[in-house]
Asks: 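Quick one: the structure is below, and I'll ask about it shortly.
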Amino acid sequence: MYPQTTGIAPSYTDSSLLIIPDMLELNFIRENPQLVIDRLALKNFKAGEAVNRILEIDINRRETQKLLDDNLAESNNIAREVGILFKSGKQAEAQELKNRSAELKIAAKELGDRLEEIQKELNNLLVTLPNLPHPTTPPGRLPEDNPEVQREGDIPELAVDALPHWELATKYDIIDFELGVKLTGAGFPVYKGKGARLQRALINFFVDEAVKAGYIEIQPPLMVNEASGYGTGQLPDKDSQMYFVGEDKFYLIPTAEVPVTNIYRDVILKTEDFPVKNVAYSSCFRREAGSYGKDVRGLNRLHQFDKVEIVQLRHPDDSYQALEEMREHVAGLVRKLELPFRIIRLCGGDMSFTSAWTYDFEVYSTAQKRWLEVSSVSNFETFQANRMKLRFRDSNGKTRLAHTLNGSALALPRIVAALLENNQTPEGIRIPKALVPYTGFELIS
RNA sequence: GGAGAGUUGGCCGAGUGGUCGAAGGCGCACGCCUGGAAAGUGUGUAAGCUCCAAAAGGGCUUCAUGGGUUCGAAUCCCAUGCUCUCCGCCA
């Protein structure tokens with residue numbers, strides 16, 4: 001009854017983030033090694049060995065760095081003296097110093113190479129450590145272990161001959177999967193007539209609701225460069241999830257989160273800039289290599305789909321308050337669409353690599369008799385910010401990492417699937433009241 | 001796509017081989033002045049890594065990015081990105 005059990009959160013959530021290398025702050029690990037190990041145990045992650053190795057390498061790194069710095073300092077001094085000697089015509093003495101400098105240079109090269117190697121090894125280890133889950137994270141390994149924290153709405157009683165959405169789509173000629181195959185391939189459906197209009201209605205509805213809630217609307221590029229891919233952590237794991245435009249070295253975005261969050265890459269905010277709240281609609285592109293079976297039937301999993309994403313940047317002190325705000329916002333959307341839904345809190349084992357706390361939203365698809373994940377709302381704390389160097393200046397004038405949060409609000413395909421299936425009647429498919437101003441019709445027939 | 005010009009700190013802008021992390025200005029912060037404000041005036045004002053118990057202070061790196069020349073590079077050379085101008089093409 002669950003969408004899948006890959007151990008990684010299902011897609012539509014930003015699972016592309018999971019694969020990857022955001023990372024914990026080295027200083028934090030250095031100062032709290034045991035805490036890191038204990039906390040990661042909540043994610044069923046055995047960090048002991050890696051942490052110890054990291055601490056070792058870090059010592060080596062600092063020693064090497066010191067040697068290199070001293071070397072460079074001497075070189076700098078020599079260069080300065082040589083200049084002075086030349087000016088006063090003391091060629092011979094200058095030559096002597098030049099010789100010394102040449103020696104230093106060889107040593108520096110060696111030290112530099114060694115440092116680079118150490119650094120690389122350190123990074124390779126650092127990126128294997130997931131974000132620390134919040135201490136209250138429920139234990140568990142599987143989706144079955146995710147506690148339900150809220151449930152709303154009644155599951156409708158459908159006629160015995162109720163159809164799954166892919167058949168309804170054909171019956172009313174609103175989504176054409178075959179045609180998509182002709183044009184592109186599987187997973188690229190063509191929306192037609194009222195189906196297309198429904199897409200547009202949902203997008204506008206979602207964006208409008210977010211703007212009402214104080215989010216600034218952003219229309220980002222649908223392709224990003226390499227730096228942005230690294231910024232949110234999709235890279236270096238590029239091949240697995242993202243489409244790549246080789247000629248210009250651009251990546252098609254798997255979620256608006258990538259361009260939107262990267263707006264703040266290398267940015268130092270002022271405290272009064274908080275909270276930063278952005279909303280963006282975008283098409284999303286995912287290769288979804290390795291998926292198969294009923295998980296990909298119809299709208300359940302697509303290579304191209306539409307999503308409205310909300311992103312917040314917060315002061316560490318109130319990021320969890322923001323998480324609850326976002327949860328309530330998303331709940332409001334599903335409620336207005338009159339879909340039965342539940343919210344689950346992901347257990348340690350089911351949480352994404354980057355997340356510290358995640359709520360998943362699932363709507364019930366009556367004809368498929370299963371819950372479909374439609375949103376994932378997460379607090380990443382400083383994990384993404386560390387990688388992106390997203391900071392703010394606190395009251396002491398010191399720079400600190402900000403907290404980042406995001407959530408789907410919402411992803412369209414599974415919402416459409418649930419709407420079609422749950423609202424089917426002998427007369428046609430009923431459009432929820434909140435959406436009618438956007439669709440301009442009340443019934444798909 | 002072709003030709004040319006450019007790319008310096010939060011912003012503007014000087015700097016064509018040596019003491020430049022970078023003049024000057026703006027902005028910002030704090031102080032003086034003022035009944036209060038403006039004006040004026042003084043001081044300060046990048047980030048990362050690192051040394052130090054910490055503070056103070058010190059070292060290293062960074063003038064688009066990556067490489068190179070040199071004892072020494074913001075400054076010279078090469079490649080790339082980006083911006084602007086002209087031509088071409090075009091929704």
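A note on names: the letters A, B, ... follow the listed sequences, proteins ahead of strands, and every chain is numbered from 1. Quick note: numbers below take in every heavy atom, side chains included, and nothing from hydrogens, waters or symmetry partners.
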Asks: Among B:C49, B:A47, B:C51, which nucleotide has an atom closest to any side-chain atom of A:Arg62?
Replies: B:C51
Asks: Determine the interatomic distance between C1' on B:U69 and the same-named atom on B:A79; round to the nearest Å.
Replies: 15 Å
Asks: Grab the CZ-C1' distance between A:Arg80 and B:C20 for me, whole Å please.
Replies: 11 Å
Asks: Watson-Crick or G-U wobble partner for B:U83, using a 3.5 Å limit on both distances?
Replies: B:A5
Asks: In whole Å, measure the gap between the P atoms of B:A14 and B:A23 for me.
Replies: 14 Å
Asks: Taking atom types as modelled, is there a side-chain donor on A:Asp38 or A:Gln34 under 3.5 Å from an acceptor on the other?
Replies: yes
Asks: Find the partner of B:U41: check Watson-Crick (N1-N3 plus N6-O4 or O6-N4) and G-U wobble (N1-O2, O6-N3) distances, both under 3.5 Å, and reply none if neither fits.
Replies: B:G31
Asks: So which nucleotide does B:A54 pair with, by the Watson-Crick or G-U wobble rule with both distances under 3.5 Å?
Replies: none
Asks: Round to a whole Å and report the spacing from CG of A:Asp70 to C1' of B:C49.
Replies: 14 Å
Asks: If only side-chain N and O atoms count, and only distance matters, is there a donor-acceptor pair under 3.5 Å linking A:Glu421 with A:His165?
Replies: yes
Asks: Looking at A:Tyr215 versus A:His329, is the centre-to-centre ring distance below 6.0 Å?
Replies: yes
Asks: Between B:G1 and B:C71, how many Å separate the two P atoms, rounded to a whole number?
Replies: 40 Å
Asks: Go through B:C71, B:C51, B:A47 for me and flag the one nearest to the A:Arg393 side chain.
Replies: B:A47
Asks: Can you tell me which nucleotide in B:U61, B:G48, B:U50 comes closest to the side chain of A:Asn76?
Replies: B:U61
Asks: Between A:Arg327 and A:Tyr359, does any side-chain donor sit less than 3.5 Å from a side-chain acceptor?
Replies: yes
Asks: Which base, if any, makes a Watson-Crick or G-U wobble pair with B:A74, both distances under 3.5 Å?
Replies: none
Asks: With a 3.5 Å limit on both atom pairs, tell me what B:C20 is paired to, counting Watson-Crick and G-U wobble, or say none.
Replies: none
Asks: Considering every strand and a 4.0 Å limit on heavy-atom distances, what is the contact class for A:Arg400: base, sugar-phosphate, or nothing?
Replies: nothing
Asks: Can you check whether A:His315 and A:Phe392 have ring centres sitting under 6.0 Å from each other?
Replies: yes
Asks: Phosphate oxygens OP1/OP2 of B:U50: is one of them under 4.0 Å from a side-chain N or O of A:Arg61?
Replies: yes
Asks: Please confirm whether the ring centroid of A:Phe206 lies under 6.0 Å from the ring centroid of A:Tyr281.
Replies: no
Asks: What integer number of Å spans the P atoms of B:A22 and B:G59?
Replies: 12 Å
Asks: Does B:C49 pair with anything, Watson-Crick or G-U wobble, both distances under 3.5 Å, and if so, with which nucleotide?
Replies: B:G59
Asks: If you measure from the C1' atom in B:U70 to the same atom in B:A74, how many Å do you get, rounded?
Replies: 16 Å
Asks: Just compare B:U50, B:C71, B:G48 and give me whichever is closest to any side-chain atom of A:Ser101.
Replies: B:C71
Asks: Which nucleotide wins on minimum distance to the side chain of A:Phe86, given the candidates B:C49, B:G18, B:A46?
Replies: B:G18
Asks: Please give the distance between the C1' atoms of B:A37 and B:C11 as a whole number of Å.
Replies: 26 Å
Asks: Is the ring centre of A:Trp166 less than 6.0 Å from the ring centre of A:Phe177?
Replies: no
Asks: Students often get this wrong, so: under 4.0 angstrom with heavy atoms, is A:Lys389 touching a base, only sugar-phosphate, or nothing?
Replies: nothing
Asks: Name the residue closer to the 5' end of RNA chain B, choosing between A:Asn77 and A:Glu81 according to the nucleotide with the nearest heavy atom.
Replies: A:Glu81
Asks: Taking the side chain of A:Ala79 as heavy atoms from C-beta outward, which of B:G72, B:A46, B:U50 is closest to it?
Replies: B:G72
Asks: By nearest nucleotide on RNA chain B, pick out whichever of A:Asp69 and A:Lys98 is the more 5' one.
Replies: A:Asp69
Asks: Which whole-number value in Å describes the distance from A:Lys398 NZ to B:G48 C1'?
Replies: 15 Å
Asks: A:Lys66 has a side chain; which of B:G72, B:C60, B:C51 sits nearest to it?
Replies: B:C51
Asks: Taking any heavy-atom pair under 4.0 Å as a contact, classify A:Leu72: base, sugar-phosphate, or nothing.
Replies: sugar-phosphate
Asks: Could you work out the separation of B:C84 and B:G25 based on their P atoms and round it to a whole Å?
Replies: 31 Å
Asks: Find the partner of B:A14: check Watson-Crick (N1-N3 plus N6-O4 or O6-N4) and G-U wobble (N1-O2, O6-N3) distances, both under 3.5 Å, and reply none if neither fits.
Replies: none
Asks: Can you tell me the distance, in whole Å, between the CD atom of A:Glu93 and the P atom of B:C71?
Replies: 18 Å
Asks: Could you tell me how far apart A:Leu390 (CG) and B:A47 (C1') are, to the nearest whole angstrom?
Replies: 15 Å
Asks: Checking all strands, does A:Thr399 fall into the base, sugar-phosphate, or nothing category for heavy-atom contacts under 4.0 angstrom?
Replies: sugar-phosphate
Asks: Do the side-chain N or O atoms of A:Lys105 get closer than 4.0 angstrom to the phosphate oxygens (OP1, OP2) of B:G72?
Replies: yes
Asks: When the P atoms of B:G13 and B:C87 are compared, how many Å lie between them, rounded to an integer?
Replies: 26 Å
Asks: Send over the distance from A:Asn71 CG to B:C71 P, rounded to a whole Å.
Replies: 16 Å
Asks: Pairing check on B:G88: which nucleotide meets the Watson-Crick or G-U wobble criteria with it, both distances under 3.5 Å?
Replies: none
Asks: Between A:Gln312 and A:Asn406, is any side-chain donor less than 3.5 angstrom from a side-chain acceptor?
Replies: no
Asks: Whole Å only: how far is the CZ atom of A:Phe250 from the C1' atom of B:G81?
Replies: 10 Å
Asks: Rounded to the nearest Å, what distance is computed from the CD atom of residue A:Glu103 to the P atom of nucleotide B:G72?
Replies: 14 Å
Asks: At under 4.0 Å between heavy atoms, what does A:Arg100 touch on the DNA or RNA strands: base, sugar-phosphate, or nothing?
Replies: nothing
